[in-house]
2 protein chains.
Amino acid sequence: MNSSASTKERILTAAELLFAQRGFDGASLRQLTAAAGVNLAAVNYHFGSKDKLVEEVFRRRLDTLNAHRLAALSKVAGQPGTTLETVLDAFIRPALALSSDGSGSLFMRVLARAFAEHDDHLRQFLSENYGHVMRQFTAEFARLLPGLSREELYWRIDLVTGALTHAMSGFGMIQRKGDVSEATHREQTIAHLIRFAVAGLSHP
Amino acid sequence: MNSSASTKERILTAAELLFAQRGFDGASLRQLTAAAGVNLAAVNYHFGSKDKLVEEVFRRRLDTLNAHRLAALSKVAGQPGTTLETVLDAFIRPALALSSDGSGSLFMRVLARAFAEHDDHLRQFLSENYGHVMRQFTAEFARLLPGLSREELYWRIDLVTGALTHAMSGFGMIQRKGDVSEATHREQTIAHLIRFAVAGLSHP
DNA sequence: CAGGGAATCAAACGATCGTTTGAGCATACG
DNA sequence: CGTATGCTCAAACGATCGTTTGATTCCCTG
């Protein structure tokens with residue numbers, strides 16, 4: 001573990017890794033603090049409790065990830081030339097950039113876990129703090145797909161979200177062919193996901 | 001809890017509910033046996049260990065679910081009039097029938113959990129025992145989509161699987177409009193999922 | 001009716017969990 | 001220099017975990 005970073009940062013990085021590997025319950029504070037090279041009591045000292053640590057793991061990544069998403073969305077939302085592709089790009093690209101980062105490459109896996117676990121407390125935390133992001137994207141999808149009923153739109157967004165979350169949680173796991181660069185691979189993946197999402201959202 | 005069923009059956013039913021609600025680690029054998037109305041030691045007596053119980057929870061549902069899927073697939077696979085829709089129907093309909101059963105309505109949620117948790121032991125168990133099912137469906141998809149490369153096909157199947165797993169894990173949660181019957185609602189959902197999957201698999 | 005294997009039971013096992021404690025250390029400020 | 005303040009540390013807390021034990025009850029069969 002990086003011994004130059006601060007204790008809080010080392011704990012967050014080790015927690016992200018272990019939460020991705022073993023889940024929130026499965027990763028103990030003793031494994032976690034040992035991997036981070038800090039004392040066991042450091043978690044409760046710096047974060048208050050294990051639950052607060054979990055929230056902070058999400059906050060560290062989602063604050064900037066969703067800020068990037070909204071920044072990209074604001075550049076295209078409501079504009080005349082905007083298409084489904086450009087809106088989906090605003091949603092997908094920041095997530096895959098984070099996954100390619102090396103630093104945050106495991107976070108999408110953690111997010112997929114929280115997505116599958118129907119834990120009420122965690123869902124409420126995510127909804128309260130980041131629900132407005134999905135709401136803004138949904139509004140733009142509704143504008144670009146005027147033929148769909150509200151119910152039909154929610155259905156399709158739910159399905160697309162499930163597919164993207166699942167796919168992005170595995171990004172970085174699959175070995176890419178040696179003759180393409182990381183950037184090229186990412187662009188191809190983004191194109192894949194966008195085409196799939198467009199087909200799922202806009203089929204007749 | 002149903003006190004007329006056998007102890008093993010009562011344990012499996014209570015385990016399915018609690019695994020869906022709290023996860024495999026989160027549900028303790030004490031909560032589980034209390035909910036089932038059986039003694040704490042009954043789990044280790046009848047199943048050997050908690051891990052074996054988890055496997056049995058999957059086996060009880062997946063044996064019949066996948067048998068139904070393969071039976072439906074064998075009726076259409078390779079036939080001249082077969083389309084993507086009929087193959088997807090063979091895959092989706094048995095799962096939603098199980099979800100509508102009342103008895104097994106929570107199992108798809110458990111399956112979605114196992115899907116998100118990248119637990120090696122559980123994945124190996126599922127792959128060894130039920131991997132041939134997805135292999136047969138994949139072969140039929142490949143036959144119906146000759147224009148796609150193997151890599152492209154795997155990509156799309158992975159995305160569709162993620163979407164369907166996510167959607168079916170929430171089936172039964174959403175309140176349906178009061179004027180449609182359970183059967184009608186299920187048919188509409190199947191139609192929804194099939195159309196989405198067809199669009200995701202076959203877009204140009 | 002008697003005997004015996006299957007099933008259930010309360011109780012306890014050692015291990016591990018998240019959390020708390022209080023002493024010890026460092027660094028900065030008067 | 002003395003002393004606050006922020007942080008780290010080993011150790012222990014009570015609770016809960018999965019599992020095991022040995023006695024007891026149940027039920028079928030001869």
Side-chain angles (χ1 to χ4, degrees), chain A residues 1-60 110 113-114 117 119-122 124-125, chain B residues 1-60 110 113-114 117 119-122 124-125:
Chain A
M1 194 53 46
N2 184 356
S3 57
S4 69
S6 73
T7 297
K8 287 186 71 167
E9 218 49 56
R10 295 225 303 277
I11 290 174
L12 286 170
T13 300
E16 192 170 73
L17 169 63
L18 283 175
F19 287 162
Q21 289 178 339
R22 306 176 194 258
F24 306 112
D25 285 1
S28 74
L29 293 185
R30 283 170 177 80
Q31 299 171 334
L32 205 156
T33 50
V38 303
N39 187 268
L40 167 63
V43 169
N44 288 279
Y45 177 81
H46 285 285
F47 298 96
S49 68
K50 186 179 181 180
D51 281 340
K52 297 287 190 182
L53 169 63
V54 172
E55 292 185 4
E56 208 60 37
V57 166
F58 282 100
R59 210 187 300 273
R60 179 173 69 148
V110 179
R113 268 188 186 276
E117 306 194 12
D119 179 68
D120 287 335
H121 181 271
L122 195 54
Q124 181 178 348
F125 167 79
Chain B
M1 190 56 46
N2 184 355
S3 57
S4 69
S6 73
T7 296
K8 286 186 73 167
E9 217 52 53
R10 296 226 302 279
I11 290 174
L12 287 170
T13 301
E16 192 170 73
L17 169 63
L18 282 174
F19 288 162
Q21 289 177 339
R22 307 176 194 261
F24 305 112
D25 284 1
S28 74
L29 292 185
R30 283 169 176 81
Q31 300 171 334
L32 206 156
T33 50
V38 303
N39 186 269
L40 167 62
V43 170
N44 288 278
Y45 177 80
H46 285 285
F47 298 97
S49 68
K50 185 180 182 179
D51 282 340
K52 297 287 189 182
L53 169 62
V54 171
E55 292 185 4
E56 209 59 37
V57 166
F58 282 102
R59 211 186 299 273
R60 179 172 70 149
V110 179
R113 269 188 186 276
E117 306 194 12
D119 179 67
D120 288 333
H121 182 270
L122 197 52
Q124 182 178 347
F125 167 79

Inset, instruction - Please say whether more than 12 non-hydrogen atoms of neighbouring residues, nucleotides or ligands are located less than 6.0 Å from CZ in Arg22(B). - result: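 No, CZ of Arg22(B) has 12 or fewer neighbouring heavy atoms, counting only those of other groups under 6.0 Å.
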Legend entry - Of residues 51-59 of chain A, the positions that come close to DNA chain D - non-hydrogen atoms, cut-off under 4.0 Å: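 When residues 51-59 of chain A is checked for heavy atoms under 4.0 Å from DNA chain D, there are no hits whatsoever.
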Inset, instruction - Before giving the answer on side chain to side chain contact (heavy atoms under 4.5 Å, CB included), spell out for Arg60(B) and Thr13(B) the whole-Å C-alpha distance, their side-chain angles and the decisive distance to 0.1 Å. - result: CA-CA 10 Å; Arg60(B) 179 172 70 149; Thr13(B) 301; 3.5 Å; yes
Inset, instruction - Would you mind building the protein contact string for nucleotides 10-18 of chain D? One character per nucleotide, 5' to 3', B for base within reach (heavy atoms under 4.0 Å), S for sugar-phosphate only, - for untouched. - result: B-B----BB
Inset, instruction - Tell me whether the OP1 or OP2 atom of dT8(D) has a side-chain N or O from Thr7(A) closer than 4.0 Å. - result: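 Indeed, a polar side-chain atom of Thr7(A) lies that close.
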Legend entry - His46(B) vs dT8(C): side-chain N/O to OP1/OP2 distance below 4.0 Å: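 So the side-chain polar atoms of His46(B) do come within 4.0 Å of the phosphate oxygens OP1 or OP2 of dT8(C), strictly under.
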Atom pair [atom1]/[atom2] of [X] and [Y] - distance to nearest 0.5 Å:
| X | Y | atom1 | atom2 | answer |
| --- | --- | --- | --- | --- |
| Arg113(A) | Phe24(A) | CZ | CZ | 7.5 Å |
| Leu53(B) | Lys8(B) | CG | NZ | 10.5 Å |
| Leu12(A) | Ser6(A) | CG | OG | 8.0 Å |

Legend entry - Summary of salt bridge (Lys or Arg N to Asp or Glu O under 4.0 Å) pairs that have at least one residue in residues 42-55 of chain A, sequence neighbours excluded: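 Found Glu55(A)-Arg59(A).
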Inset, instruction - Specify the closest pair of heavy atoms between Thr33(A) and Val43(A), including all atoms of both residues, with the distance to one decimal. - result: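 So the two residues come closest at CG2-CG2, 3.7 Å.
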Inset, instruction - With the side chain counted from C-beta on, respond yes when Leu29(B) and Asn44(B) share a heavy-atom pair under 4.5 Å apart, and no when they do not. - result: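 They are in contact (side-chain heavy atoms under 4.5 Å apart), so the answer is yes.
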Legend entry - Nearest-Å distance for atom pair NZ/P, residues Lys8(A) and dG6(D):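 From Lys8(A) NZ to dG6(D) P: 14 Å.
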